[in-house]
Every structure is written in structure tokens, then in C-alpha cells.
Amino acid sequence: MKEQKYQVAVIAAMKAGKSTFLNALIGADILASESEACTVCRTDIRPINKGSKPRLLEYREGKRKPIMIAEGEAEAIRHRFLERTHEIRATQNDNKIMRFELEHPIEAIGKLPSLAGFTLVDTPGPNEWESAEFSTVELKKTALEALRTCDAILFILDYTSFKDNTNSELLEELIERRKETLQANTGKLYFILNKVDRIAQKDRPIEDVIKDLKQALMGFGILDPIVYPASAWQGLLAKLIQQEKATNSQEEDFIQKFAAKYTEKDEKGRRYIPEPYEIAPQALQDSGIPTIEDSVIQTVVQNSGWNLLSDVLSILDKSAKAIEDTLNTRISGWEMELEELKQKVEIFQQYSALAEKKVNQVKTSIKHQKQILIKGFSEGIKEFAEIAKTNIKEEIDKLVEARQTQPEKRVNSLFSRRASKKEINGWDFFSNLVGSLGNVVLEMIPNSPLKQVIFKISCSLLDTLTGTEEDWKGEPSNNNQAEEPELDPYTIKYRDQQKAKKLIDNINNFCTPHIQSWWVNTEDELITYGTAVRKVLTQQIQTDIQGISDELSRLIGETLKVELNTNPIQFPVFDFLGIDNLMKTQQEAIIRVKAEKRGGGFCQSEYYVNVPYQDGTEDVYVIDLREITNAINKKIDSQVRESNKFLERIIEKQIEDDFQNAEQQINNYINRFQDIFNNLIQDRETKEGEKEKICSVLENQKAKLTNYLAELSSLRLFLNDWKP
């Protein structure tokens with residue numbers, strides 16, 4: 001349990017109080033919050049022992065070791081963290097910082113040493129994913145990864161946005177579009193209605209707001225949603241006061257905002273407000289923070305602990321039953337004649353050879369289905385690339401058309417072009433590729449997330465060019481004479497090189513976030529679907545190999561006239577890593593070795609199209625929009641090729657590992673019986689005179705083992721009753 005990793009992600013729209021909520025869980029005012037979106041990287045908050053010095057580290061792309069940027073008191077770290085955030089935004093993250101890590105005692109788990117691998121993951125909300133001044137594709141990837149991989153997810157919702165039944169951007173972006181993913185993980189989702197202390201006398205009761213919120217969540221497909229009211233600011237201040245770490249301003253804030261509700265009467269009936277340290281324990285409890293901590297941590301511990309104990313118990317049970325089979329086989333072997341035993345061994349070897357042949361048939365079948373599915377992934381990604389290129393080309397064509405069209409006609413023309421925007425539903429295309437054999441596997445996956453992937457451009461390129469028309473229509477080469485009529489509408493001429501560069505920058509700044517967003521969404525869905533495919537194929541491997549193993553057990557038992565246990569083909573849940581884990585490990589290795597990112601989204605530096613200007617006469621700079629389109633297409637094709645190969649390699653490796661795991665288990669089973677028979681024949685040939693004594697020992701061991709198996713059975717019943 002101490003070696004296991006536990007991740008609890010916190011996701012919120014801006015201004016919902018995420019940083020304050022995290023500070024309340026930590027028990028220190030260490031994460032800064034501002035009115036603007038200030039998350040620039042994923043931040044992992046890891047616990048350290050009390051007395052250890054807190055540190056803030058940053059991890060950079062291509063670097064093995066982190067860089068310490070602050071240590072010591074919470075206030076100093078908070079100040080430096082905020083400074084670093086501003087620096088990263090101002091420089092467009094030119095240091096390629098991948099994530100921060102904050103080492104600090106986490107009060108919420110202070111009494112649970114078994115959660116040494118616990119991590120709070122600070123993730124950005126949807127309104128931090130897009131920025132005109134900062135490339136935020138990694139922020140979106142971080143949030144989507146959290147939905148797939150974390151042990152628990154806390155959605156922080158602002159009470160002031162819900163008290164009037166208004167929907168939240170968080171629900172729209174993260175929940176409605178990912179119903180299947182979230183429905184499969186409803187046991188680890190928690191919704192925190194923060195800032196309930198801001199309720200006014202005229203407002204509806206909190207209970208009514210929560211009731212309506214639950215109805216809204218159920219409308220998004222979240223069955224029986226768990227919603228907790230909270231005041232993170234009240235909880236944080238109460239903790240700081242209890243720890244005697246509250247500043248004068250924090251203590252004054254606590255008195256002004258929260259103390260009045262704890263008014264008491266003295267012996268003369270006069271009302272007074274107790275000292276903050278007297279109020280703090282009850283204020284902390286009333287904030288809802290302790291209830292949330294207990295619920296989330298209990299779920300993490302119970303789920304992880306149950307999986308671990310269940311796996312251990314299964315291994316013990318399998319081992320004990322293997323011993324039981326050994327004892328029964330040896331007893332039966334001593335009871336028959338030696339020559340008959342040798343004949344039985346020959347029959348066993350024939351059965352073993354048949355089982356191995358069937359295992360190879362399963363391997364061929366799985367390999368075939370795997371290749372069909374991988375082909376579907378490959379073709380699906382290529383199709384998405386073509387749709388992306390088509391959409392980008394349409395935007396360039398709009399610009400060309402606008403250069404040729406009168407202003408009053410331009411609006412109607414562009415409106416009609418927008419109406420013809422092409423969209424693609426990924427599942428329709430993918431399902432037509434895999435064929436009948438692949439569909440056998442696909443039918444086992446009830447809801448494919450690829451149904452949701454649609455490439456879409458929300459606004460036109462022309463709409464983003466807000467400068468004067470000469471910024472995108474070009475300008476005459478000579479002030480004293482009119483420009484000759486443009487022969488090629490795809491070429492734009494400028495006298496000023498900076499204006500030429502500005503147009504290319506504008507096109508890049510428009511195309512890049514759209515392609516980035518498209519790919520992040522596609523990658524998210526493909527990873528989710530790849531994990532589902534992997535699970536289905538693993539189940540099929542397990543079922544097929546289990547069937548071969550069961551048949552082998554039956555044949556051996558009939559031959560020896562003994563009743564043998566089944567040989568369970570097991571895949572431990574506790575150590576069953578998903579596709580994200582392997583992707584992250586290999587991506588980090590690639591980044592360290594080559595100092596470049598592969599298999600991820602389009603980052604700004606990789607995607608930027610740098611089209612050279614053609615120098616014409618009279619210092620004219622000519623831009624060919626076709627060259628820009630071709631350059632964009634090459635960038636898309638290159639990224640798709642790399643990402644496609646990477647995703648295929650990950651899926652193929654995991655399925656191959658799963659098959660080898662199952663194959664090894666049945667081979668071990670065959671080899672174990674072969675060893676039993678070899679030893680049995682040897683003992684029969686050399687210790688025939690000790691037959692009675694040996695059989696007595698075997699029967700005695702069998703009796704003890706029967707008691708042990710009964711104890712394991714009762715433990716299993718007890719564990720199942722405790723199952724979360």
C-alpha cells in the first residue's frame with residue numbers, strides 16, 4: 001500500500017475557488033489564486049513529513065532532474081509560485097516546463113502513513129485551456145488525463161453560479177461531452193459546491209440548490225451524483241487559526257465573515273463572540289472540508305486496499321489449490337500400478353501438446369483481431385487528418401474569396417460557406433473498417449467514445465483578422481501608381497515585410513489552437529478507447545486460455561480418476577496499469593533522449609508554419625496562401641504519422657504482454673504436472689517399499705490443507721462483504 005500511487009485530481013472552472021480548496025486540504029495558504037486564469041502547468045502536491053522543509057520544484061522537458069524554484073515558508077513559496085506563473089505566460093513557456101511539484105505536509109492524510117504515494121493533482125479548468133496569449137494545449141491534456149487515470153476526481157463548482165439554476169462551463173465541457181467515460185467511473189466522482197458561505201437571506205436554501213444540481217448532473221448522465229457543500233475559505237482559515245499560523249489579516253477576515261454565526265450568551269444574557277481559536281474547531285467542521293476529506297480518502301483507501309487484498313487472497317487461494325492438486329495427483333499415482341502410471345503420463349503429454357496447440361490458435365486469433373483494430377485506429381486518425389486539412393483549406397479559401405468580393409457581398413458569401421462546414425463522426429468511419437471479426441470485439445464495448453469526436457471550427461479565420469483590410473488584402477508596391485489587377489488571388493503582396501510576417505502569424509495563431517484542440521480531443525478519445533479495447537482483448541485472452549486450462553484439468557482428472565481444481569488465469573487488478581501509464585513512461589524517455597515530444601498534441605513550436613517570402617521587384621514581399629496550406633498539411637501529416645505509430649506500439653505491446661502473461665500461467669500449469677509425474681515415477685521406482693508411510697503423510701498434509709482452504713474461503717466472504 002505504501003508503494004502504491006494514489007492520485008486525487010481537482011478540476012474547476014476559473015473563480016470556483018480551486019486553489020483555496022486545495023489549500024484547505026493541505027492546511028496551508030500556499031497556492032496562489034487570482035481573478036485571472038493562473039494555471040500554466042499541472043501541479044502535483046506530494047506529502048512530506050512534518051518538520052521537513054517544503055519545496056516547489058519544476059520539471060522541464062528533456063531534463064531528468066527537477067529544478068528547485070522555492071523552499072521554506074508557505075508565504076515565500078506562494079509568492080515565488082505566482083511570480084513563476086507570470087514569467088511562464090510572458091515567455092510562452094520557452095523553458096518548456098512540463099509540470100510543478102509541491103512538497104508539503106498534507107493535513108488531510110497526516111494520520112495515514114499508508115498513503116505515502118498520495119498525490120493531489122491541481123488541474124486547469126476549461127476556461128484556462130484557451131488563451132490568446134499563451135499556448136495551453138498541455139493544460140487541456142492534463143485535465144483529460146486526470147479523468148482517465150486518477151483514483152478520485154473532485155469537481156469544484158461555484159455556488160454563486162448555481163444558486164439561480166445557471167449551468168457551468170465545467171459541466172458543459174468536461175461532463176456532457178464525456179458521458180461514457182464518466183459513467184464508467186461514477187464511484188470516483190465527487191462534486192463540491194464551494195462558497196456556500198455566500199448565501200444571502202433572499203437566496204434559496206442550499207439543500208434546494210444541491211437537489212437541482214443533482215438533477216442537472218443526472219441529465220448529463222451521472223447516475224446518483226455525490227455532491228458536498230463546502231466553504232473552502234472558512235475551512236482554510238479555521239485550520240490556520242488552529243495551527244496558530246493565521247496572519248492578522250486572515251484572522252480579521254475570519255472574524256468579519258464567519259464569527260457572527262457563533263455568537264454566544266454570557267451568564268447575564270449578553271451576546272458576545274468567542275475568540276477565533278475557540279470557534280475554529282466547530283467552524284472547520286461546519287465548512288464541510290473534514291467530511292470531504294474523510295469521504296474521498298476513505299474511497300481511495302477502500303478501493304485500493306480491497307483490490308490489493310483481493311489479489312493477494314486470489315494468489316494464496318490459487319497456490320493452495322495447486323498444492324491440493326499436487327497431493328491428490330501423488331496419492332492417485334501411488335494407488336495405481338507403476339506401468340499404468342507411465343501410460344497415464346504419456347496420455348498427459350498428448351493432452352499438453354494439444355493444449356499448447358490451442359494456445360497458439362488463440363495467439364493467432366488475438367493477433368488477427370489486434371491488427372484489425374490497429375488498422376481501424378490508423379485509418380481513423382488519417383481520416384481525421386483529412387477533415388482537419390479540408391477545414392483549414394476552407395478557411396484559407398474564405399480569405400481568398402474575401403479579397404475578391406465586395407464588402408456588402410462578403411458577409412452573405414461567408415455565411416453560406418459556414419453552413420457547408422464538414423464534420424465527421426469518428427465512430428461511423430471506424431466501425432466500417434474493422435470488419436466482422438473485429439466487430440466481435442467491438443460489440444463487447446457498449447459505448448465507443450469515438451462517437452463524440454468531431455472536428456469543428458467555431459469561428460472563421462477572416463473573423464480573427466480584425467485589422468485594416470490591407471493587412472490581408474495586400475498593398476500596392478508603389479505609392480505613386482495603382483497596383484495592377486491581381487492575377488492570382490492566392491498571392492498577397494506587401495511593401496512592408498512586417499505586414500507580411502503579421503499575416504502569416506495571424507494564420508498560424510488561428511490554425512494552431514484549432515488543430516491542437518482537435519488533436520487533444522482525438523487523442524483523449526483514442527486513449528480511452530484503446531484502454532477499452534485492451535481490456536476487452538485481455539478478457540478474451542483470459543477466457544480463451546482459461547477454457548483450455550479447464551479442459552486440460554478435466555482430462556487430467558479423468559485420466560487419474562481424481563478431482564482437480566481449476567487453474568485460474570489471473571490478471572491482478574492492483575497492478576493492472578492502463579494505457580496512459582505506459583504512454584507517459586515512453587514519452588518521458590523519448591523526450592529525455594531526443595529532447596522533443598512525440599505522440600502528444602501539437603505544441604506551438606512544432607506546429608508553427610514558417611513560409612519564406614518571395615522577394616519580387618521594387619522590394620515587394622509576396623505570400624502564396626497555397627504554400628501556407630501545403631505547409632500546414634505537412635505538419636498535420638507528420639504529427640499524425642508519429643502519433644499513430646506511437647499509439648499502435650503502446651496498444652500492441654500491452655496486448656502482447658497480456659497474452660504472454662496468460663500463456664506463461666498455463667505453461668507453468670503444464671510444467672508443474674510434468675514435474676509431479678517425473679518425481680512420482682522416480683519415487684515409485686526407488687521408494688516402493690515406503691508406499692504405506694508416504695501415502696499416510698500425504699493424507700495428513702491433505703487434511704491440514706483442507707482446513708487452510710476453508711479459512712481462505714471464509715476470508716473471501718468477509719472481504720466481499722467489505723467491498724466498497
Exercise. Can you tell me how far the SG atom of C695 sits from the CG atom of N700, to the nearest 0.5 Å?
Worked result: 13.0 Å
For this session: Check whether any side-chain heavy atom of I289 lies under 4.5 Å from a side-chain heavy atom of L25, and answer yes or no.
Result: yes
For this session: Examine distances only and state if a side-chain atom of K318 and a backbone atom of P568 form a donor-acceptor pair shorter than 3.5 Å.
Result: yes
Exercise. Can you tell me if S295 uses its side chain to pair, donor with acceptor, with the backbone of I292 under 3.5 Å?
Worked result: no
Problem set entry | Heavy atoms from other residues, nucleotides or ligands near CD of E692 exceed 12 (cutoff 6.0 Å) | no
For this session: Spell out, as yes or no, whether a donor-acceptor pair under 3.5 Å connects the side chain of S713 to the backbone of L709.
Result: no
Problem set entry | Polar side-chain atom of S549 near backbone of I545 as donor-acceptor pair, under 3.5 Å | no
Exercise. Looking only at heavy atoms, which two atoms of S332 and V562 are closest? And how far apart?
Worked result: CB-CG1, 3.3 Å
Problem set entry | Polar contact flag, side-chain donor to acceptor under 3.5 angstrom, Q674-N678 | yes
Exercise. Thinking salt bridges, do K342 and E346 make one under a 4.0 Å N-O criterion?
Worked result: no
Exercise. T543 and Q540: side-chain contact (heavy atoms from CB on, under 4.5 Å), yes or no, with the steps?
Worked result: CA-CA 5 Å; T543 300; Q540 186 169 337; 5.6 Å; no
For this session: Could you walk me through whether V227 and L217 pass the side-chain contact (heavy atoms from CB on, under 4.5 Å) test, one step at a time?
Result: CA-CA 10 Å; V227 180; L217 291 170; 3.9 Å; yes
Exercise. What are the two closest heavy atoms between K344 and T559, and how far apart are they?
Worked result: NZ-O, 3.0 Å
Exercise. Between the main-chain N or O of N328 and the side-chain N or O of K702, is there a donor-acceptor pair closer than 3.5 Å?
Worked result: no
For this session: Decide if atom CG of N707 counts as having more than 12 heavy atoms of other residues, nucleotides or ligands within a radius under 6.0 Å.
Result: yes
For this session: Could you tell me which non-hydrogen atom of S314 sits nearest to which non-hydrogen atom of R716, and how far apart they are?
Result: OG-NH2, 3.0 Å
For this session: Answer yes or no: is there a side-chain heavy-atom contact under 4.5 Å between T364 and K367?
Result: no
For this session: May I ask you to decide if D675's main-chain N or O and N679's side chain share a donor-acceptor pair within less than 3.5 Å?
Result: yes
Exercise. Can a salt bridge be assigned to the pair K321 and D325 using a cut-off of 4.0 Å between side-chain N and carboxylate O?
Worked result: no
Exercise. Looking at D224 and M218, what are the two nearest heavy atoms and their distance?
Worked result: N-CG, 4.3 Å
For this session: Taking the side chain as every heavy atom from C-beta outward, state whether R42 and V121 have any pair of such atoms under 4.5 Å apart.
Result: yes
For this session: Starting at CD of Q546, measure out to CD of Q539 and round the result to the nearest 0.5 Å.
Result: 13.5 Å
Exercise. Measuring from L313:CG to L308:CG, what's the distance to the nearest 0.5 Å?
Worked result: 11.0 Å
Problem set entry | Test item: D151 side-chain N/O and V8 main-chain N/O as donor-acceptor pair under 3.5 Å | no
For this session: Starting from the C-alpha separation in whole Å, work towards a yes-or-no answer on side-chain contact (heavy atoms from CB on, under 4.5 Å) for F155 and I153.
Result: CA-CA 6 Å; F155 292 93; I153 302 168; 3.6 Å; yes
Exercise. Using a distance-only test with no angle check, is there a side-chain donor-acceptor pair under 3.5 angstrom linking E356 and N360?
Worked result: no
Problem set entry | From D544 atom CG to K363 atom NZ, the distance as rounded to the nearest 0.5 Å | 14.5 Å
Exercise. Which atom pair, heavy atoms only, marks the closest approach of L719 to W306?
Worked result: O-NE1, 2.9 Å
For this session: Answer yes or no: is there a side-chain heavy-atom contact under 4.5 Å between R672 and T326?
Result: yes
Exercise. Does any donor atom in the side chain of Q664 or N668 lie under 3.5 Å from an acceptor atom in the other side chain?
Worked result: yes
Exercise. With distance as the sole test, does K691 use its side chain to make a donor-acceptor pair with the main-chain N or O of W334 at under 3.5 Å?
Worked result: yes
For this session: Could you tell me the separation between the CD atom of E663 and the CD1 atom of I366, rounded to the nearest 0.5 Å?
Result: 12.0 Å
For this session: Evaluate the salt bridge (Lys or Arg N to Asp or Glu O under 4.0 Å) criterion for residues K561 and E340: first the C-alpha distance (whole Å), next the side-chain angles of each, then the deciding distance (0.1 Å), finally the verdict.
Result: CA-CA 12 Å; K561 297 181 180 179; E340 182 184 2; 5.4 Å; no
Problem set entry | Backbone N/O of L284 and side chain of S287: donor-acceptor pair under 3.5 Å | yes
Exercise. Taking side chain as C-beta onward, heavy atoms only, is E688 less than 4.5 Å from L338?
Worked result: no
Exercise. What is the minimum heavy-atom distance between T123 and A9, and which atoms define it?
Worked result: CG2-CB, 4.5 Å
Exercise. Does Y708 reach the side chain of L316, with side-chain heavy atoms less than 4.5 Å apart?
Worked result: yes
For this session: Decide side-chain contact (heavy atoms from CB on, under 4.5 Å) for I192 and I156; before the verdict, give the C-alpha distance in whole Å, the side-chain angles of both, and the deciding distance to 0.1 Å.
Result: CA-CA 5 Å; I192 313 301; I156 312 301; 3.7 Å; yes
For this session: Working to the nearest 0.5 Å, report the span between CG of L341 and CD of E335.
Result: 11.5 Å
Problem set entry | Non-hydrogen side-chain atoms of V362 and F659 separated by less than 4.5 Å | yes
Exercise. Does the side chain of T329 reach to within under 4.5 Å of the side chain of F677, using non-hydrogen atoms?
Worked result: yes
Problem set entry | Short side-chain donor-acceptor distance under 3.5 Å, Y228 and T291 | no
Exercise. Would you call the rings of Y669 and F673 parallel, tilted or perpendicular, where under 30° means parallel and over 60° means perpendicular?
Worked result: perpendicular
Exercise. For E324, which residues count as a side-chain hydrogen bond (donor to acceptor under 3.5 Å, both in side chains) partner, sequence neighbours excluded?
Worked result: N565
